[in-house]
Protein chains: 2
Amino acid sequence: AIQCIDLGKTYYQGNQEIPALKGVQLNIPKGDFVCLSGPSGSGKSTLLNLISGLDQPTTGQVRIGGTRLDQLSKTQLSDLRLHRIGFVFQAYNLVPVLSARENVELIMQLQGVPAKQCRQQANSVLAEVGLEGLEQRRPADLSGGQQQRVAVARAIASKPELILADEPTANLDSQTAESLMQLLQSMNEQHGMTFLFSTHDPLVMNYSKRLIRLHDGALV
Amino acid sequence: AIQCIDLGKTYYQGNQEIPALKGVQLNIPKGDFVCLSGPSGSGKSTLLNLISGLDQPTTGQVRIGGTRLDQLSKTQLSDLRLHRIGFVFQAYNLVPVLSARENVELIMQLQGVPAKQCRQQANSVLAEVGLEGLEQRRPADLSGGQQQRVAVARAIASKPELILADEPTANLDSQTAESLMQLLQSMNEQHGMTFLFSTHDPLVMNYSKRLIRLHDGALV
Ligand SMILES: Nc1ncnc2c1ncn2[C@@H]1O[C@H](COP(=O)(O)OP(=O)(O)OP(=O)(O)O)[C@@H](O)[C@H]1O
Ligand SMILES: Nc1ncnc2c1ncn2[C@@H]1O[C@H](COP(=O)(O)OP(=O)(O)OP(=O)(O)O)[C@@H](O)[C@H]1O
Ligand SMILES: [Mg+2]
Ligand SMILES: [Mg+2]
């Protein structure tokens with residue numbers, strides 16, 4: 001479960017203040033399947049970064065499963081991100097020198113999953129997102145939408161309790177996006193994984209149980 | 001005008017052959033406004049890379065304005081890309097250490113446009129894509145959709161005769177995408193610039209005069 005309490009983020013550029021998020025109140029119960037939409041620059045990525053603990057708020061607090069993120073040590077926070085949260089970055093953030101499979105295995109290896117199981121699970125997830133046969137390719141030798149799906153596979157492979165996905169279908173055609181959303185929906189239904197998507201894609205919005213809108217850093 | 005004659009591209013991975021494009025025949029007259037759609041991995045980026053001369057075909061040829069690209073010297077080809085073609089990359093390819101404005105100015109500077117005119121034109125184009133006030137920001141301090149618009153601004157700033165845009169609205173909400181397409185359409189109408197887009201976005205397809213579909217590397 002995610003709780004955002006009066007959450008705010010201000011960036012600073014020289015002497016200029018940029019209020020990217022303002023007083024966000026949000027409650028996302030365990031097992032929810034939620035879409036966050038809003039214009040370019042409205043604060044979606046910022047909100048996801050704060051919820052994941054990748055960035056720190058200027059005001060307010062984030063709670064994951066009742067735990068306040070700002071009260072965790074650096075180690076406890078990185079532990080939470082490793083074991084309990086899967087993150088799909090808007091720009092994928094794949095490791096260029098690793099193959100698609102190695103990129104997907106990486107998180108499970110860090111979690112201490114045995115090598116054979118990492119490999120099987122990575123292959124299985126890559127097949128589920130339609131990338132069977134491409135496991136050995138490096139990101140530079142994949143299409144944009146294929147790279148995006150490796151990023152999604154990496155986030156879901158270890159079935160973490162919470163998935164934060166930043167525009168996960170931006171570079172996918174509607175058919176590929178549809179298959180992906182069906183996969184994520186079934187993971188939500190079968191494993192009770194909580195999903196929070198930021199998206200511009202009406203298709204993704206159609207799959208969500210609930211739609212949240214951001215405008216100029218505020219919920220509307 | 002663009003002509004693709006029996007254009008093919010095969011990638012090689014170890015001893016594996018990947019036929020990404022197969023015998024593409026294409027004729028795009030000057031001033032056309034064309035969309036290229038197709039599933040993820042169908043060859044859209046590959047085709048754009050071949051048309052721009054950024055990559056070389058395995059079979060067939062590309063002609064821009066009647067000139068065969070494979071008969072140009074390295075200098076003539078890079079000259080053509082600098083002066084006659086604007087390219088919007090699927091992954092933007094912005095220079096991280098330059099501001100948004102410097103990224104947009106870069107091409108005009110290389111073209112020998114006077115500094116004052118570069119600056120004015122860059123500011124004007126950034127305002128036209130809705131980024132007024134963000135000119136001094138570096139890419140890392142911009143949202144995904146804002147970075148995408150800097151990449152578009154950079155390609156159109158010097159009003160080249162041909163624009164190749166690889167999924168230019170992928171990270172934009174529908175309202176921002178709409179404004180962008182209206183801008184590009186007006187440049188097509190007022191300046192006779194030729195546009196070839198690769199896209200998954202129905203909104204972009206609605207603006208195009210003509211729709212081309214790729215499937216598994218072949219036109220359908
Ligand atoms: N450098 C490369 N080496 C090997 N295969 C490649 C390379 N680049 C692309 N491919 C393959 O060629 C095919 C076409 O890729 P391309 O990037 O043109 O697709 P696309 O239509 O742009 O896809 P998307 O919509 O996902 O961006 C894909 O199957 C891809 O995996
Ligand atoms: N590091 C930063 N420094 C300054 N301003 C920033 C920084 N990162 C983001 N911003 C600004 O904060 C605002 C919100 O950015 P954010 O990336 O959250 O938007 P977004 O809703 O994800 O947009 P998009 O749909 O384009 O991805 C934007 O106006 C952006 O320019
Ligand atoms: Mg974003
Ligand atoms: Mg592509």
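Within a 6.0 Å radius of NE2 in H215(B), other residues, nucleotides and ligands contribute 12 heavy atoms or fewer. No more than 12 heavy atoms of other residues, nucleotides or ligands shown are found within 6.0 angstrom of CD on E132(A).
Heavy-atom pairs under 4.5 Å with chain A were tallied for Q146(B), Q175(B), R137(B); the largest tally goes to R137(B). Of all the listed residues (S143(B), S42(B), G43(B), S37(B)), the one sharing the greatest number of non-hydrogen pairs under 4.5 Å with chain A is S143(B). Contact count versus chain B (heavy atoms, under 4.5 Å) is highest, among A91(A), P39(A), G130(A), for P39(A). Among T199(A), T46(A), L172(A), D201(A), the residue with the largest count of heavy-atom pairs under 4.5 Å with chain B is L172(A).
Of all non-hydrogen atoms in N171(B) and A170(A), the two that sit nearest each other are OD1-CB, 3.8 Å. In this structure, D173(A) and S40(B) approach most closely via the heavy-atom pair OD1-N, 2.6 Å.
The CD atom of Q148(B) lies 9.0 Å from the CD atom of Q90(A); values are rounded to the nearest 0.5 Å. The line from CG of D141(A) to CD of Q13(B) is 4.5 Å long, rounded to the nearest 0.5 Å.
In this structure, no portion of L134(A) lies under 4.5 Å from any heavy atom of chain B. Residue contact with chain B, scored on non-hydrogen atoms closer than 4.5 Å, involves the side chain of T176(A) exclusively.
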